[in-house]
Amino acid sequence: MKTFKRGFTLIEILMVMSIIGILISYGMFKHTYFVKLQNRVDYKFCNNSILNIINNSKEYCRENKITGLLKFNKHNGTIVLSCSDIPIYRYSIPNNFKFTYINASDNIILIDNLGFTTSACTIKYLDRMEVEHVLSLCVGTAHVQIK
C-alpha cells in the first residue's frame, strides 16, 4: 500500500522563509530610498515655492503700487501675502515640515509699494528627516538666498 507524504520537510520550510526574508528586506530598502527621495523633492519644491511667493509678492506690490504684508504662521505652516487685509497669495509648506525660526518682527515681512522689503529676514524650517533648511532675505533688494 502506498503512503502519501504529508507536510513539508525542514529544508523546504527554510527555503521559503529565506526567499520571503530576501523579498521583505529588498522592499524595506526600496521604501527607505523612496521616503528619502520624496523628502528631497519636497524640500527643494518648498524652497522654490517660498522664493516664488516672496518674489511674486514683491512684484504684485510693485505693479499695483501698494504695500503688502507677508505673514508667516509657524503653527499651521502657511505664508500669506495680504494687502489691506485682503489675502492675495497663500502657500502651505508640505505635511510634516515645520517652521522653526523666522526673525522678522511678529513673523511679518513688510513690502513697500516699490516692491522692496524693509527688513532682512531669515527663514528656517525642518523637513521630514529633521534637517534644517535656511532662506535669507536681504534688505532693500530683490535677493533671496537659499543657504
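- Leu126 contributes atom CG, which lies 8.0 Å from atom NE2 of His133 (distance to the nearest 0.5 angstrom).
- Among residues two or more places apart in sequence or in another chain, the side-chain hydrogen bond (donor to acceptor under 3.5 Å, both in side chains) test is passed with Asn48 by none.
- The hydrophobic side chain of Ile22 is isolated, with no ILVMFWY side chain under 4.5 Å apart from it.
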Could you list the donor-acceptor pairs under 3.5 angstrom formed between side-chain atoms of residues 86-99 and any protein atom two or more places apart in sequence or on another chain?
none

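- Hydrophobic cluster membership for Leu69: Ile108, Leu110 (Ile, Leu, Val, Met, Phe, Trp, Tyr linked by side-chain heavy atoms under 4.5 Å, directly or transitively).
- Here Ile79 contributes atom CD1 and Ser49 contributes atom OG; the two are 9.0 Å apart, rounded to the nearest 0.5 Å.
- Residue pairs meeting the salt bridge (Lys or Arg N to Asp or Glu O under 4.0 Å) criterion with at least one member in residues 70-85: none, sequence neighbours excluded.
- Counting heavy atoms from C-beta on, the side chains of Leu137 and Ile109 come closer than 4.5 Å.
- Nearest heavy atom pair, residue Cys61 against residue Gly68, reads SG-N, 3.6 Å.
- For Leu10, the side-chain contact (heavy atoms from CB on, under 4.5 Å) test picks out Leu14, with sequence neighbours left out.
- Note that the CD atom of Glu59 and the CD1 atom of Ile111 stand 11.5 Å from one another [nearest 0.5 Å].
- Val41 and Tyr125 are assigned to two separate hydrophobic clusters, defined by single-linkage of ILVMFWY side chains at heavy-atom distances under 4.5 Å.
- Within the 4.5 Å cutoff, side-chain heavy atoms of Asn73 are placed close to those of Asn76.
- Residue Asn107 holds its CG atom at 10.0 Å from OH of Tyr101, rounded to the nearest 0.5 Å.
- Not a single side-chain contact (heavy atoms from CB on, under 4.5 Å) links Ser105 to another residue, sequence neighbours left out.
- At least one side-chain heavy atom of Leu135 sits under 4.5 Å from a side-chain heavy atom of Asn47.
- Residue Val131 is found in a hydrophobic cluster whose other members, listed by chain and number, are Val35, Met129; membership requires side-chain heavy atoms under 4.5 Å apart, directly or through intermediates.
- Residues Leu23 and Met15 fall into different hydrophobic clusters, defined by Ile, Leu, Val, Met, Phe, Trp and Tyr side chains chained together at heavy-atom separations under 4.5 Å.
- Evaluation of the salt bridge (Lys or Arg N to Asp or Glu O under 4.0 Å) test over residues 36-55, restricted to residues two or more places apart or in two chains, returns Asp42-Arg128.
- By the 4.5 Å side-chain criterion applied to Ile, Leu, Val, Met, Phe, Trp and Tyr, Tyr26 is assigned to no cluster and stands alone.
- Between the CD1 atom in Ile54 and the SG atom in Cys121 there is a gap of 7.0 Å [rounded to 0.5 Å].
- Other residues, nucleotides and ligands contribute at most 12 non-hydrogen atoms within 6.0 Å of the CD1 atom of Ile11.
- The distance from atom CG of Leu70 to atom CZ of Phe72, rounded to the nearest 0.5 Å, is 5.5 Å.
- Legend: residues meeting side-chain contact (heavy atoms from CB on, under 4.5 Å) with Asn64, ordered by chain and number and at least two apart, are Tyr60, Ile66.
- One hydrophobic cluster, built from ILVMFWY side chains closer than 4.5 Å, cannot hold both Ile50 and Val134; they sit in different ones.
- Partners of Asp127 under the salt bridge (Lys or Arg N to Asp or Glu O under 4.0 Å) rule, at least two apart in sequence or in another chain, do not exist in this structure.
- In this structure, Tyr43 is a member of the same hydrophobic cluster as Ile53, with clusters built from ILVMFWY side-chain heavy atoms closer than 4.5 Å.
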